[in-house]
Number of protein chains: 2
Amino acid sequence: MRDCIHYGTCTICCCESTPPLFRKLSKTEFNELHSERKEVVFKAGEVIFKQGTALTHFACFREGMAKVYYERPEGSNMLVNIVGAGRICSGIGLYTDNIHHLTVQALTDVNLCLIATKDIEAVIEKSKVMAIEMITLTNQNSIQFTHKLANLTYKSMAGRVAEVLLYLQNEIYESERFTLNLSRQDLADLAAMTKESFIRTLKELKDAGIIKVNRNQVEIVKLNSLTKISNS
Amino acid sequence: MRDCIHYGTCTICCCESTPPLFRKLSKTEFNELHSERKEVVFKAGEVIFKQGTALTHFACFREGMAKVYYERPEGSNMLVNIVGAGRICSGIGLYTDNIHHLTVQALTDVNLCLIATKDIEAVIEKSKVMAIEMITLTNQNSIQFTHKLANLTYKSMAGRVAEVLLYLQNEIYESERFTLNLSRQDLADLAAMTKESFIRTLKELKDAGIIKVNRNQVEIVKLNSLTKISNS
DNA sequence: TCAATATATTGATATATGTCAATTTATGAA
DNA sequence: TTCATAAATTGACATATATCAATATATTGA
């Protein structure tokens, strides 16, 4: 349980480790969102937001993890990122076409708060702080996409696999040892390659002693080497 | 010369065919940006914004065209899009790190107005209309990036080349016949492949009678076929 | 105009990555 | 537990795409 700037230490508000989007709001502004929130639980595997459907709510993750991906016409998925506690999810349809452009699916049981976009819009109308935070969030998204685009279109498989591992270490599990709750297919979707290719490349890294892999247990042994490879 | 909602028909204001970002501003709000604008001319080939440098201004294009690209560490470029008259350029560093994440280079002689980000921020602070327009713009960016990412990572070369041609037809030249002012290398950078591969694929489309190509003259003959290919 | 340079094109070849099939290993329900 | 199903792994092979080199064509500046 982490500090909440609006309600002290709390377990049931959507702001447990308040998402950045709401961090600078006044108590009044924040409460307008907080009081209207819907707390929902999803089981692992359930779809939280579905690409192509109406964007009516943002999700604030309190517990658990979900994968965010683009569903291609022919069925394969492009995994964009993983979201966990304290993260806000969805939004790129806001003030545009009000449609979800990505699907979000629970990887573990997930506990989140839904906040209606109409409430968020109402606060944006009133509060320049909120408006600016929203601009910040969307621009951060764009920056992330720019780098993702550049990386996926020019790096070799080894580079992309290494990058995925570093992403998991730094952004998701925050440790050089972690237990995956993503399938090999998910990891391959994250690196934009087939699962067979991902597995083979992973094995090469293992055989080179750069990582240890045993089923879903991963340990990054030679961080320097992996970082070097991630730039290739 | 097109209508300008703020000054009637005008040739020297930055709002000739006012960029969407400013279209809904009141005259007062708009004037705050307009009066502080700097009109600048760039020659073909000159760099307008350089990736990695400080983001201090937005550019509103009045005349000419420029390419927007990401410069990779090893020297190759990923071309993101082309901008022309009436388009706003740059922004994804705003309210984040205030850095240009992409380079913008003039393809033809370019005539544009520079508007300081501090002025834009000042208007955002005062006007919810402007704030919302900015959110809209950045979200449109994100949507565009999402689709670009999905397309570049799974389509075959033929699909990507077809898509580039359709992009040029629909978004840039607005005609099924056009004279390229992009090099083959630029086109290849847009399709995320080598120029040799681009040229070969272009030739295949030509040999199949789907397009006509003669140097920089391009004509799309069988739109249906090209559209079908663009999905492969 | 001509040489010098950049850009475009083509061909031969190498290589990275995907595809398909077979096998192993895990997982979950009865 | 045991079967049935799904996921992971491995190997052989096909193919898309990049690389490198040679040539052709255009462009530019003196």
Side-chain angles (χ1 to χ4, degrees), chain A residues 43-45 67 72 74-79 105 107-109 151-165 179-207 211-218 229-230 232, chain B residues 43-45 67 72 74-79 105 107-109 151-165 179-207 211-218 229-230 232:
Chain A
K43 292 218 183 311
K67 58 181 178 181
R72 297 201 175 104
E74 25 69 69
S76 71
N77 298 327
M78 179 188 70
L79 224 156
Q105 186 181 22
L107 287 168
T108 63
D109 289 357
N151 287 333
L152 290 183
T153 54
Y154 96 103
K155 285 186 180 173
S156 69
M157 288 203 303
R160 271 139 54 208
V161 169
E163 191 173 74
V164 165
L165 292 171
T179 304
L180 289 164
N181 43 18
L182 294 155
S183 69
R184 294 294 193 265
Q185 183 65 62
D186 288 335
L187 296 173
D189 290 345
L190 206 46
M193 63 181 70
T194 60
K195 66 175 183 310
E196 292 93 335
S197 290
F198 190 95
I199 289 166
R200 264 185 268 271
T201 311
L202 203 65
K203 191 163 183 259
E204 280 169 28
L205 292 173
K206 181 184 176 181
D207 291 347
I211 58 171
K212 286 183 187 169
V213 187
N214 188 350
R215 289 207 31 67
N216 287 329
Q217 303 284 335
V218 177
I229 290 170
S230 80
S232 64
Chain B
K43 293 220 182 309
K67 59 181 178 181
R72 296 198 177 105
E74 25 68 71
S76 70
N77 298 325
M78 180 190 68
L79 222 156
Q105 185 181 22
L107 287 167
T108 63
D109 289 356
N151 288 332
L152 290 182
T153 53
Y154 96 102
K155 284 185 181 173
S156 70
M157 287 204 301
R160 270 141 53 210
V161 168
E163 192 173 73
V164 164
L165 292 172
T179 304
L180 290 164
N181 44 18
L182 294 155
S183 69
R184 294 292 193 266
Q185 182 66 63
D186 288 336
L187 297 172
D189 289 344
L190 206 47
M193 62 181 70
T194 61
K195 67 175 182 310
E196 292 93 335
S197 289
F198 190 95
I199 289 166
R200 265 185 268 271
T201 311
L202 204 65
K203 191 163 184 260
E204 281 169 27
L205 292 173
K206 181 185 176 181
D207 292 348
I211 57 170
K212 286 183 187 167
V213 186
N214 189 349
R215 291 205 29 66
N216 287 330
Q217 303 285 336
V218 177
I229 291 169
S230 80
S232 66

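Within every chain, numbering begins at 1; the chains are lettered A, B, ... in the order of the sequence lines, protein sequences first and strands thereafter.
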- prompt: Between atom CD of B:E204 and atom CD1 of B:I211, what is the distance when rounded to the nearest 0.5 Å?
  reply: 10.5 Å
task: Just report the end-to-end axis angle for the helix from C:dT1-D:dA30 to C:dA30-D:dT1, five pairs per end, to 10 degrees.
output: 50°
- line: The contact string for nucleotides 11-24 of chain C, one letter per nucleotide 5' to 3', using protein heavy atoms under 4.0 Å with B, S and - for base, sugar-phosphate only and none, comes out as BB----SBBB----
task: Rounded to the nearest 0.5 Å, what's the gap from NZ on B:K206 to NZ on B:K212? Could you check?
output: 11.0 Å
- prompt: Are A:L202 and A:R184 side-chain neighbours, meaning at least one heavy-atom pair lies under 4.5 Å?
  reply: yes
- request: Please state how far atom CZ in A:R184 lies from atom C1' in C:dT25, giving the value in whole angstrom units.
  value: 12 Å
- prompt: chain A on DNA chain D: first and last contacting nucleotide, 5' to 3', under 4.0 Å to a heavy atom?
  reply: D:dA8 to D:dA12
task: Starting from C1' on C:dT27, measure out to CG on A:N181 and report it in whole angstrom.
output: 16 Å
message: Can you tell me how far apart NZ (A:K155) and CZ (B:R72) are? Round to the nearest 0.5 Å.
response: 10.5 Å
- request: Working to the nearest 0.5 Å, report the span between CE of A:M78 and CG of B:L152.
  value: 10.0 Å
task: With rounding to the nearest 0.5 Å, note down the distance linking CG in A:L107 to CG in A:L182.
output: 5.0 Å
Let me have the donor-acceptor pairs involving side chains of residues 187-198 of chain A, under 3.5 Å, with sequence neighbours excluded, atom names and distances please.
from: A:D189; atom 1: OD1; to: A:Q185; atom 2: NE2; distance (Å): 3.0
from: A:T194; atom 1: OG1; to: A:S197; atom 2: N; distance (Å): 3.3
from: A:T194; atom 1: OG1; to: A:S197; atom 2: OG; distance (Å): 3.1

- line: Value for OG1 (B:T179) from CG (B:N181), rounded to nearest 0.5 Å, stands at 8.5 Å
Residues which pass side chain to side chain contact (heavy atoms under 4.5 Å, CB included) with A:K203, listed by chain and number, not counting sequence neighbours: A:D207
Partner set under side-chain hydrogen bond (donor to acceptor under 3.5 Å, both in side chains) for A:D186, not counting sequence neighbours: A:K67, A:S183
